[in-house]
Amino acid sequence: MDTRKSDIIKQLTENRGEVVAFFRPLSPEVLALRVYPESPAWTVKQVLAHFVTIERSMHWLFNNILSGGPGSPKDFDIDRFNRTQPKKLDEHSLEELTLQFEEVRAETISIVEKMSQEDLQRIGWHVFHGNDTLERFVRWAYEHVNLHIDDIRKVIRACVSEFKKKSIEP
């Protein structure tokens, strides 16, 4: 197996475990924290739902490029997608969402396992990255997740700091 492909599969697999390990112990109070004040104004739990919905949509993109297609439709409205799709999973429990994330990521890994080295170099269009390689888009799956988890950690740290400050004030 080509080392780039092996590295991608390793990163996707490790990231899947890290995401699940990060979210599973979170309390309902932490899951309800608002991560982003502006639209789409997701809670921590909705960020996990975003991981499920966006990565599921990426499967379509990967398969489109693999079959010789151009990638994302030029009129794809990412803001609309982000406002509407994660909310569709609001009724799901944390356990259900983590299981869905594991399943979606397993499918991403399966798609990559079937790719050749040449497939990784196919060019397509992605709403966020523009024209680039399929490899770039696949790597974005775990990079994107890590960016959001960093944002969640900042919110949690700020809340803990605020709690400590309030608990020591007379």
Side-chain angles (χ1 to χ4, degrees), residues 1 3-63 72 78-113 115 120 126-129 132 134-167:
M1 185 184 304
T3 56
R4 287 186 1 246
K5 185 170 138 178
S6 299
D7 179 61
I8 292 168
I9 291 169
K10 179 180 181 252
Q11 294 293 330
L12 287 166
T13 303
E14 288 175 0
N15 182 252
R16 176 180 55 195
E18 292 164 358
V19 169
V20 171
F22 176 80
F23 278 95
R24 279 214 171 122
L26 298 180
S27 69
E29 294 79 18
V30 170
L31 290 170
L33 290 173
R34 185 89 36 220
V35 180
Y36 303 106
E38 69 283 344
S39 183
W42 291 325
T43 64
V44 170
K45 185 179 166 194
Q46 286 171 327
V47 171
L48 178 57
H50 169 63
F51 296 165
V52 172
T53 60
I54 198 70
E55 194 156 331
R56 191 176 288 143
S57 77
M58 294 297 287
H59 297 165
W60 181 91
L61 174 72
F62 302 158
N63 288 319
S72 295
I78 190 69
D79 293 328
R80 181 177 169 274
F81 182 91
N82 286 338
R83 275 192 318 273
T84 61
Q85 297 308 300
K87 288 181 180 183
K88 291 181 178 181
L89 301 180
D90 278 352
E91 298 304 315
H92 292 257
S93 69
L94 174 62
E95 185 60 34
E96 290 168 329
L97 287 173
T98 54
L99 181 59
Q100 285 185 41
F101 176 77
E102 289 176 308
E103 291 169 352
V104 167
R105 180 55 61 85
E107 179 61 21
T108 302
I109 292 166
S110 176
I111 292 168
V112 174
E113 288 173 336
M115 289 181 192
L120 292 172
H126 181 283
V127 69
F128 184 76
H129 291 288
D132 211 332
L134 185 53
E135 178 178 2
R136 177 80 218 98
F137 305 153
V138 172
R139 288 185 183 276
W140 179 243
Y142 58 83
E143 294 168 353
H144 168 251
V145 163
N146 289 338
L147 291 171
H148 282 297
I149 288 180
D150 287 346
D151 291 342
I152 293 169
R153 284 188 171 112
K154 289 175 190 169
V155 167
I156 292 171
R157 278 195 299 270
C159 287
V160 168
S161 177
E162 187 63 26
F163 174 76
K164 285 180 180 178
K165 190 167 102 178
K166 287 182 178 180
S167 66

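As a basis for the values below, the full set of heavy atoms in this structure was taken, side chains included, without hydrogen atoms, waters or symmetry mates.
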Which is it for Val47 and Asp151 under the side-chain contact (heavy atoms from CB on, under 4.5 Å) test, yes or no, and what are the steps along the way?
CA-CA 10 Å; Val47 171; Asp151 291 342; over 6 Å; no
Go through it in stages, so that I can follow the logic: the residues are Arg136 and Glu143, the test is salt bridge (charged side-chain N to carboxylate O under 4.0 Å, His left out), and I'd like the CA-CA distance, side-chain angles, deciding distance and then a yes or no.
CA-CA 10 Å; Arg136 177 80 218 98; Glu143 294 168 353; 2.3 Å; yes
With side-chain contact (heavy atoms from CB on, under 4.5 Å) as the criterion, how do Ile8 and Gln11 come out once you've worked through the C-alpha distance, each side chain's angles and the decisive distance to 0.1 Å?
CA-CA 5 Å; Ile8 292 168; Gln11 294 293 330; 5.8 Å; no
Test Ile9 against Ser6 for side-chain contact (heavy atoms from CB on, under 4.5 Å), laying out the working first.
CA-CA 5 Å; Ile9 291 169; Ser6 299; 5.9 Å; no
Assess whether side-chain contact (heavy atoms from CB on, under 4.5 Å) is satisfied between Gln100 and Leu89, documenting all intermediate values.
CA-CA 10 Å; Gln100 285 185 41; Leu89 301 180; 4.0 Å; yes
Under the side chain to side chain donor-acceptor pair (under 3.5 Å) rule, what do Glu95 and Ser93 come out as? Steps first, then yes or no, please.
CA-CA 5 Å; Glu95 185 60 34; Ser93 69; over 6 Å; no
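Using a 30° and 60° split on the angle between ring planes, His126 and Phe128 fall in the perpendicular class, above 60°.
Rounding to the nearest 0.5 angstrom, the gap separating the CG atom in Asn146 from the CG atom in Asn15 is 5.0 Å. Distance check, rounded to the nearest 0.5 Å: CG of Leu48 to CZ of Arg24 gives 10.0 Å. One finds the NZ atom of Lys10 at 13.0 Å from the CD1 atom of Ile109 (value rounded to the nearest 0.5 Å). Gln46 contributes atom CD, which lies 12.5 Å from atom CD of Gln85 (distance to the nearest 0.5 angstrom). Rounded to the nearest 0.5 Å, atoms CZ (Phe22) and NE2 (His148) are 12.5 Å apart. Note that CG of Asn82 is 11.0 Å distant from NZ of Lys87, once rounded to the nearest 0.5 Å.
Here the closest non-hydrogen pair linking Val35 and Pro37 is O-CD, 4.0 Å. Minimum heavy-atom separation, Met58 to Phe137: CE-O, 3.8 Å. Nearest heavy-atom pair, Ala49 versus Pro86, reported as atom, atom and distance to 0.1 Å: CB-O, 3.7 Å. Between Ser72 and Val127, the shortest heavy-atom contact is OG-N, 4.0 Å. When all heavy atoms of Thr43 and Ala32 are compared, the pair lying nearest together is CG2-O, 3.6 Å.
At least one side-chain heavy atom of Arg153 sits under 4.5 Å from a side-chain heavy atom of Asp150. In this structure, Leu147 and Trp140 have side chains that are in contact, with non-hydrogen atoms separated by less than 4.5 Å. Side-chain contact between Phe51 and Ile149 is present, with at least one heavy-atom pair separated by less than 4.5 Å. Inter-residue side-chain proximity for Arg139 and Asp7 is flagged as met; some heavy-atom pair is nearer than 4.5 Å. Residues Phe23 and Ile152 are in side-chain contact: their nearest non-hydrogen atoms beyond the backbone lie under 4.5 Å apart. Met115 is listed as a side-chain neighbour of Val138, based on a closest heavy-atom distance under 4.5 Å. Here the side chains of Ile54 and Phe81 are in contact, with some heavy-atom distance below 4.5 Å.
A 6.0 Å sphere centred on CZ of Arg80 holds no more than 12 heavy atoms belonging to other residues, nucleotides or ligands.
Each of Phe101, Trp42, Tyr36 was checked for a ring pair (Phe, Tyr, Trp, His ring centres under 6.0 Å) with His50, and the lone residue meeting it is Trp42. Under the side chain to side chain contact (heavy atoms under 4.5 Å, CB included) test applied with Leu94, the options Leu99, Val44, Leu31 reduce to a single match, Leu31.
Among residue pairs with one or both ends in residues 34-55, those qualifying as salt bridge (Lys or Arg N to Asp or Glu O under 4.0 Å) are Glu55-Arg105; sequence neighbours excluded.
Checking side-chain atoms of His59 against main-chain N and O of Val104 turns up a donor-acceptor pair under 3.5 Å.
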